[in-house]
Amino acid sequence: MPHRASDSFGSLVFAGDVMLKRLPPDVFMNLQRTVKNGSPLDPAIANTVASAMKDWALEHGATHYCHWFQPLTGTTAEKHDAFLSTTSDGGAIEKFSGSQLIQGEPDASSFPNGGIRDTYEARGYTAWDATSPAFLYRSGAQTTLCIPTVFVSYTGEALDKKTPLLRSIQAVAKHAMRILKIFGADQGVNIITTLGVEQEYFLVDTELASQRPDLTICGRALVGAPAPKGQQLEDHYFGAIPQRVIEFMAEVEQRLFELGVPVKTRHNEVAPGQFEIAPTFENANVAVDHQMITMSVLKETAERHGFMCLLHEKPFAGVNGSGKHNNWSIATDTGINLLDPRDDTHTNMQFLTILCAVIRAVDTHAELLRGSIASAANDHRLGANEAPPAIMSIFLGDMLTDILDQLESGNPKKTMKGGALELGATTLPQLPKHTSDRNRTSPFAFTGNKFEFRAVGSSASVAWPNTVLNTIIADSLDFMATQLEKRAGKNPTQAKLESAVKSLLKEVVKEHRRVCFDGDGYSKAWHDEAKKRGLPNHTSTADAIACFGSKSATELFSRYGVLSKRELEARYGVMVEQYIKILRIESRTLQSMVRTAILPCATRFQAELADAVGATMACDIECPGTSALLREVVGQVEALRTAVAKLEKAEQFHGDHEKEARHYRDVLVPAMLDVRRLCDGLEKVMPADLYPLPTFAELLFSTR
Ligand code: ADP
Ligand code: MG
């Protein structure tokens, strides 16, 4: 019998059957209450769970355990401790206690903390998140038991991405529950947010990639002229997957299946060398952890297959960038999707209320949503080739737009139906036709029964965009619930409730539908129209993140218990700092590449040309073409020397971080582009054996 993927699914995860078999029934039930219903964790069960986890981990060859957490770096962190403990008689045994499972103590001052911890205030804690299952991570011959945890400071403030995410999910649950109550739904359920994240990435042959410091250090090409063939022929998207790549994908999938990550889809993306992997959606907290694991597995597995996996948002200028489509919805823990419009949508008042809450949230808090996906890397992608612009807008499609029109006139009466497609040959099936087309240009699109937030960057942790999204949704659900409670009164009749809903939705649609746009989001016309509608359009991170420093944001995040003033300030501080640091690293990498590789090679070329001109002149032969090229190269080399000196100067700035970020936006970023333009000009005329870097043509087609 061939091995089936389902046989090993979740084999490295302490959940489901493994837990059921290894825990006493009362402990199992107790833990399930926390995992499934969100009940408080009972510390009394920790010792039993820890002991079962340890036995299971040891049987799989694990030697160490670690608290696995997500600091503000945007990556994951782990400090390994051996199970091995010495005994008084000089021997050793493997030990793992309940308190070691529940709490850890990493150094808090060595992670970005936005001023919450000083270097001399090092104490921080990790705390077990029982709602995301522990797993065994294999790296070569090493197996480590990883326990998902939150990470907080000695003073209890969140220093990570998971804590606020969990709080934001709770905030959505609380206010969605009020809406459900108003509509008379079963009150025994728990509400969660659901999440399915599509990950785009590039693969480049390691041998070529490792010759480029920009790819190895920054994850993107800082210089490089476009390849003659990019994505013009549209022949890569969904094309046959090259054998080397599909073998890599299969190993990634196998490893992820074992880790319980339900990956489902794989395909070629638009740009040459670009691919995608997507899972089936899950509870958002677990989905976020699984997304972090997916990124690690992609990178590690790529190395074994001779590839470098680039998760950067824009590794190659001129072709598609990579995103991470964040498919999001709200559901009951019994599996009812609250964003399912159902058949007669115009009568589904609960759905329409939640839909309008989303529209209101995205319009009211467009800046926060934009800020949630801001990074120096995503700045290159947003608004460029086939990427949504920095303007936040919602695509609803024909059916919902029609219902919005009806809501605005006060009384929705019908739901558009999709019908069927006749394909013209009797042997072909009749296809049911959706009520709406798709819109790939929208940053926030309704796709049938969920929203797809497409502006998220490919290298980002999705924890923060979801935290922000949940918070603004909680605010809107709170608003809708409060309004309905006020307008309909206690125990309203069906008629009274319906009239309250219709009057509220009419107002909300009127006020907020300016954020809805179904047309071409890539077009200049939309940019002009959005400006007229007063929608914000921050193209640079330096501007986009400023909203997190505002009073209204502080008030919003603390009202819903997601982040205190200090916690939000800290995050804002870290974002500004990261923007500056990334640009500085890129600038220095570029300077070094130009000074130590591109300029010396260009100068050699210049000397070769000068020799050629000299030699021909000595024979009294005219060589106007070569002389012209020499003049051109000398001009470009001199201009490049000046540009790189200017870049070095642009880096220097004295002032606070916010000002420095704006200075980098206005001076450093353009200075890098100047240097790049000159390098790319030289690349086009220099002999292939003298140009010191593999070209885009070589890199983009290196996966075959
Ligand atoms: P599409 O064709 O719209 O891209 P897919 O069915 O391929 O839709 O799904 C894309 C992603 O959206 C997948 O990860 C999928 O599991 C996820 N998804 C589907 N339904 C939901 C939902 N209710 N909540 C969150 N994510 C969802
Ligand atoms: Mg999609």
Side-chain angles (χ1 to χ4, degrees), residues 9 165 168-169 172-173 176 189-201 237-238 249 252-253 256-257 259-270 275-295 297-298 320 322-342 345 348 350-351 354-355 357-358 386-388 394-400 418 431-456 458 460 462-463 465-467 469-470 473 518:
F9 185 80
L165 173 72
S168 75
I169 295 171
V172 169
V189 294
N190 186 26
I191 304 268
I192 56 167
T193 63
T194 51
L195 181 62
V197 190
E198 304 163 55
Q199 171 79 54
E200 296 173 342
Y201 59 92
Y237 187 62
F238 281 16
M249 287 174 165
V252 167
E253 287 160 357
L256 289 174
F257 286 152
L259 288 162
V261 183
V263 280
K264 186 88 180 155
T265 310
R266 62 189 186 198
H267 61 80
N268 286 5
E269 255 304 324
V270 171
F275 306 92
E276 178 176 311
I277 181 169
T280 301
F281 70 94
E282 300 175 276
N283 147 353
N285 178 38
V286 174
V288 167
D289 287 356
H290 281 172
Q291 222 290 307
M292 298 308 288
I293 294 176
T294 302
M295 289 197 283
V297 169
L298 279 170
N320 263 31
S322 296
K324 183 134 59 187
H325 301 170
N326 190 93
N327 295 273
W328 170 96
S329 189
I330 312 175
T332 66
D333 58 357
T334 50
I336 298 167
N337 180 358
L338 303 187
L339 281 175
D340 181 352
R342 311 237 184 95
T345 310
N348 188 348
Q350 181 178 298
F351 165 78
I354 296 174
L355 176 75
V358 176
E386 288 225 24
I394 300 180
F395 168 85
L396 286 179
D398 297 340
M399 187 271 278
L400 289 184
L431 296 184
K433 183 171 178 278
H434 290 92
T435 50
S436 170
D437 203 345
R438 267 187 193 261
N439 187 326
R440 289 167 45 97
T441 67
S442 176
F444 202 85
F446 187 76
T447 45
N449 58 5
K450 64 188 187 286
F451 277 97
E452 182 170 356
F453 187 17
R454 301 179 69 251
V456 183
S458 51
V462 284
N466 281 288
T467 301
L469 180 57
N470 291 340
I473 297 290
D518 277 11

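Each ligand, and each atom within it, is numbered from 1 in the order the structure gives. One is the number of the first residue; the rest follow in order along the sequence.
Contact between Ile169 and Thr193 at its shortest, heavy atoms only, is CG1-OG1, 3.8 Å. Taking both residues in full, the closest heavy atoms of Thr345 and Arg342 are given as OG1-O, 3.0 Å, listed atom of the first, atom of the second, then distance. Taking each heavy atom of Phe446 and Leu339 in turn, the nearest pair found is CZ-O, 3.6 Å. Nearest heavy-atom pair, Gly260 versus Phe9, reported as atom, atom and distance to 0.1 Å: O-CZ, 3.4 Å.
In terms of N/O distances under 3.5 Å, ligand 1 is not approached by Ala278. Distances between N or O atoms of Trp328 and those of ligand 1 include no value under 3.5 Å.
Set against the non-hydrogen atoms of Thr194, the atoms of ligand 1 under 4.0 Å away are 22 (C), 23 (N), 24 (N), 25 (C). Below 4.0 Å from some heavy atom of Thr280 lie the following atoms of ligand 1, by number and element: 16 (O).
In this comparison of Arg454, Glu198, Glu282, His325, the heavy atom closest to atom 4 (O) of ligand 1 sits on Glu198. If you check each of Leu339, Asn337, Leu338, Val197 against atom 23 (N) of ligand 1, the one with the closest non-hydrogen atom is Asn337. When Glu452, Lys264, Lys450, Gln199 are ranked by how near their heavy atoms come to atom 8 (O) of ligand 1, first place goes to Lys450.
Contact annotation for Asn327 and ligand 1: heavy atoms of both the backbone and the side chain come within less than 4.0 Å of the ligand.
Remark: Asp398 engages Met416 in a side chain to side chain contact (heavy atoms under 4.5 Å, CB included) (not counting sequence neighbours). With sequence neighbours left out, Thr332 forms a side chain to side chain contact (heavy atoms under 4.5 Å, CB included) with Leu180, Val189, Ile191, Thr334, Ile336, Leu338.
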